[in-house]
Number of protein chains: 2
Amino acid sequence: MSVNSKAEILKTLGDQTRLRVAHLIAASKKSLCVCEIVDALKLPQYRVSKSLVMLRRAGLVDVDRNGTWGYYHPNESEKANASLFEFVKEFCAGEPFDLDIDALDRRLKLREKDKCVVGFVSEKELVKLMRKKGVEV
Amino acid sequence: MSVNSKAEILKTLGDQTRLRVAHLIAASKKSLCVCEIVDALKLPQYRVSKSLVMLRRAGLVDVDRNGTWGYYHPNESEKANASLFEFVKEFCAGEPFDLDIDALDRRLKLREKDKCVVGFVSEKELVKLMRKKGVEV
DNA sequence: TGCCTATATGCTTATATTTGCATATAAGAT
DNA sequence: ATCTTATATGCAAATATAAGCATATAGGCA
């Protein structure tokens with residue numbers, strides 16, 4: 001791989017939004033739906049969406065589409081990515097990034113049969129839905 | 001460390017010139033003098049110099065100054081950097097980056113008592129000096 | 001003193017990037 | 001068919017960045 005494409009990968013990760021998104025995808029064992037990422041990071045949808053496009057262009061993530069819903073996960077077809085995502089996880093270990101993971105984990109509790117079944121939800125709605133579902137808030 | 005400064009580190013590495021410079025510093029066991037880097041990468045001096053400033057600002061490298069000469073090495077005072085440089089070495093392992101290492105190794109043969117004693121030298125001069133010194137070209 | 005040489009830096013231009021907003025697309029439900 | 005919802009994208013403005021060249025600084029040496 002050229003010097004340029006290696007640099008391009010790091011540049012893509014070198015942005016707050018994209019790094020948080022990539023870290024979430026790296027750290028989560030599941031494929032993540034866009035609205036789950038949006039809610040976990042509390043960022044505008046278009047920003048997450050654009051970040052995902054760039055991560056995809058850099059060959060880092062891939063998407064499984066299921067109707068309108070898109071599930072993002074590390075792109076395993078590039079075998080170098082395994083260690084890259086390991087690095088991202090380690091590099092982002094600790095305080096500020098952990099909070100994203102926590103928020104994601106809560107949000108994932110709304111899944112049914114391991115699939116996302118709601119779109120964006122505010123914190124208030126999230127709590128309401130968790131109560132209704134009977135999961136720990 | 002904030003999300004921002006982590007992203008900043010990756011952004012700093014996400015540039016062809018800076019990545020090549022960082023890789024050279026990561027892969028070399030020795031502190032490298034600016035002119036050695038310039039010659040190994042065959043890039044304009046100001047470009048290498050500016051790259052080093054940015055790598056330093058990002059906390060990645062540090063310099064020991066010896067008169068006009070500057071010797072750059074990984075900044076060990078940030079303990080997270082050890083694994084970061086390990087990553088850079090692995091990430092850049094292989095073809096295009098290896099050529100930089102080869103060029104550096106040749107250039108380092110001109111050192112005396114492990115110190116750089118010449119400034120920029122062209123390929124032609126390099127060969128001449130190596131012959132004069134009696135080292136393998 | 002004045003001249004080299006190693007390295008850093010200021011300035012300019014061209015180009016890229018980020019952000020935000022509005023809107024498009026497209027699938028599903030009523 | 002229409003409405004809603006999930007996701008993507010086009011555009012404009014503000015800002016940042018990279019590249020190149022010229023020049024500054026500053027140490028060592030004649």
Side-chain angles (χ1 to χ4, degrees), chain A residues 3-4 7-8 10-21 25 31-58 61-72 107 110-111 115-122 125 129, chain B residues 3-4 7-8 10-21 25 31-58 61-72 107 110-111 115-122 125 129:
Chain A
V3 173
N4 190 42
E8 212 55 51
L10 296 176
K11 194 199 303 202
T12 303
L13 292 171
D15 166 89
Q16 298 197 51
T17 306
R18 293 191 298 264
L19 186 56
R20 289 175 73 197
V21 171
I25 291 174
S31 289
L32 299 177
C33 159
V34 179
C35 57
E36 290 169 334
I37 300 175
V38 167
D39 282 353
L41 301 185
K42 292 176 193 70
L43 289 174
Q45 174 267 327
Y46 63 81
R47 236 162 112 183
V48 171
S49 196
K50 279 177 180 171
S51 293
L52 286 167
V53 169
M54 296 187 73
L55 290 169
R56 206 141 67 96
R57 283 217 188 107
V61 306
D62 203 1
V63 61
D64 294 335
R65 230 172 268 292
N66 196 330
T68 12
W69 311 61
Y71 288 88
Y72 284 83
R107 171 59 222 251
L110 293 187
R111 282 195 172 191
K115 286 286 162 198
C116 178
V117 292
V118 294
F120 318 122
V121 295
S122 66
E125 291 170 301
L129 287 169
Chain B
V3 173
N4 191 42
E8 213 53 52
L10 295 177
K11 195 199 301 202
T12 303
L13 291 172
D15 166 89
Q16 298 196 53
T17 305
R18 294 190 298 263
L19 186 56
R20 289 175 72 196
V21 171
I25 291 175
S31 289
L32 300 178
C33 160
V34 179
C35 58
E36 291 169 332
I37 300 176
V38 168
D39 281 352
L41 301 185
K42 291 176 193 70
L43 290 175
Q45 174 269 327
Y46 63 81
R47 238 163 112 181
V48 170
S49 196
K50 279 177 179 172
S51 293
L52 286 166
V53 169
M54 297 188 73
L55 290 169
R56 206 141 67 97
R57 283 216 187 106
V61 306
D62 203 0
V63 61
D64 295 334
R65 229 172 268 293
N66 196 329
T68 14
W69 310 62
Y71 288 87
Y72 285 82
R107 173 58 222 251
L110 293 188
R111 282 196 172 189
K115 287 285 162 197
C116 179
V117 292
V118 293
F120 318 122
V121 295
S122 65
E125 290 169 302
L129 287 169

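In what follows, chains carry the letters A, B, and so on, assigned in the order in which the sequence lines appear, proteins first and then strands, with residues in each chain numbered from 1. As a basis for the values below, the full set of heavy atoms in this structure was taken, side chains included, without hydrogen atoms, waters or symmetry mates.
With A:Arg107 contributing its side chain and A:Ala40 its backbone, the two residues share no donor-acceptor pair below 3.5 Å. No donor-acceptor pair closer than 3.5 Å links the side chain of A:Tyr71 to the backbone N or O of A:Lys115.
Nucleotide C:dT18 holds its P atom 12 Å from the CG atom of A:Leu13, rounded to whole Å. The separation between B:Tyr46 atom OH and D:dA19 atom P is 8 Å, rounded to whole Å. Nucleotide D:dA16 holds its P atom 15 Å from the CZ atom of B:Arg18, rounded to whole Å. When the C1' atom of D:dT17 is taken as reference, atom CD of B:Gln16 falls 14 Å away, rounded to whole Å. Protein atom CH2 of A:Trp69 is 13 Å distant from nucleotide atom P of D:dA8, rounded to whole Å. B:Asp15 has its CG atom 17 Å from the P atom of C:dT15, to the nearest Å. Atom-to-atom, CZ of A:Phe120 to P of D:dA6 comes out at 6 Å; the value is rounded to the nearest Å. For the pair B:Leu43 CG and D:dA19 P, the computed distance is 9 Å after rounding to whole Å.
A:Val118 comes within 4.0 angstrom of sugar-phosphate atoms only, judged by non-hydrogen atoms across all strands, and of no base. Nucleic acid contact for A:Val48: none, since no nucleic acid atom lies under 4.0 Å from a heavy atom of the residue. Using a 4.0 Å heavy-atom cutoff across all strands shown, A:Arg56 reaches no nucleic acid atom at all. Residue B:Tyr71 is out of contact with every strand shown, counting any heavy-atom pair closer than 4.0 Å.
Not one side-chain nitrogen or oxygen of B:Arg47 sits closer than 4.0 Å to the OP1 or OP2 atom of D:dA18. Considering only side-chain N and O atoms, A:Tyr72 lies nowhere under 4.0 angstrom from the phosphate OP1 or OP2 of D:dA6. Look at B:Arg65 and you'll find a side-chain N or O under 4.0 angstrom from OP1 or OP2 of C:dA8. Side-chain nitrogen and oxygen atoms of A:Thr68 include none within less than 4.0 Å of the OP1 or OP2 phosphate oxygen of D:dA6.
Evaluated for a side-chain contact (heavy atoms from CB on, under 4.5 Å) with A:Tyr72, the options A:Val34, A:Asp62, A:Val21 yield exactly one hit, A:Val34.
No N or O donor and acceptor, one from the side chain of B:Gln45 and one from the base of C:dA6, sit under 3.5 Å apart.
Distance from the side chain of A:Lys50 is smallest for C:dG20 among the nucleotides D:dT7, D:dA19, C:dG20. The B:Lys11 side chain lies nearest to D:dT17 when the options are D:dT17, D:dT7, D:dA19.
Inter-residue side-chain proximity for B:Leu43 and B:Arg20 is flagged as met; some heavy-atom pair is nearer than 4.5 Å. Contact check for B:Val53 versus B:Arg57: side-chain heavy atoms found under the 4.5 Å cut-off.
Between A:Glu8 and A:Asn66, the residue anchored closer to the 5' end of DNA chain C is A:Glu8, taking for each the nucleotide with the nearest heavy atom.
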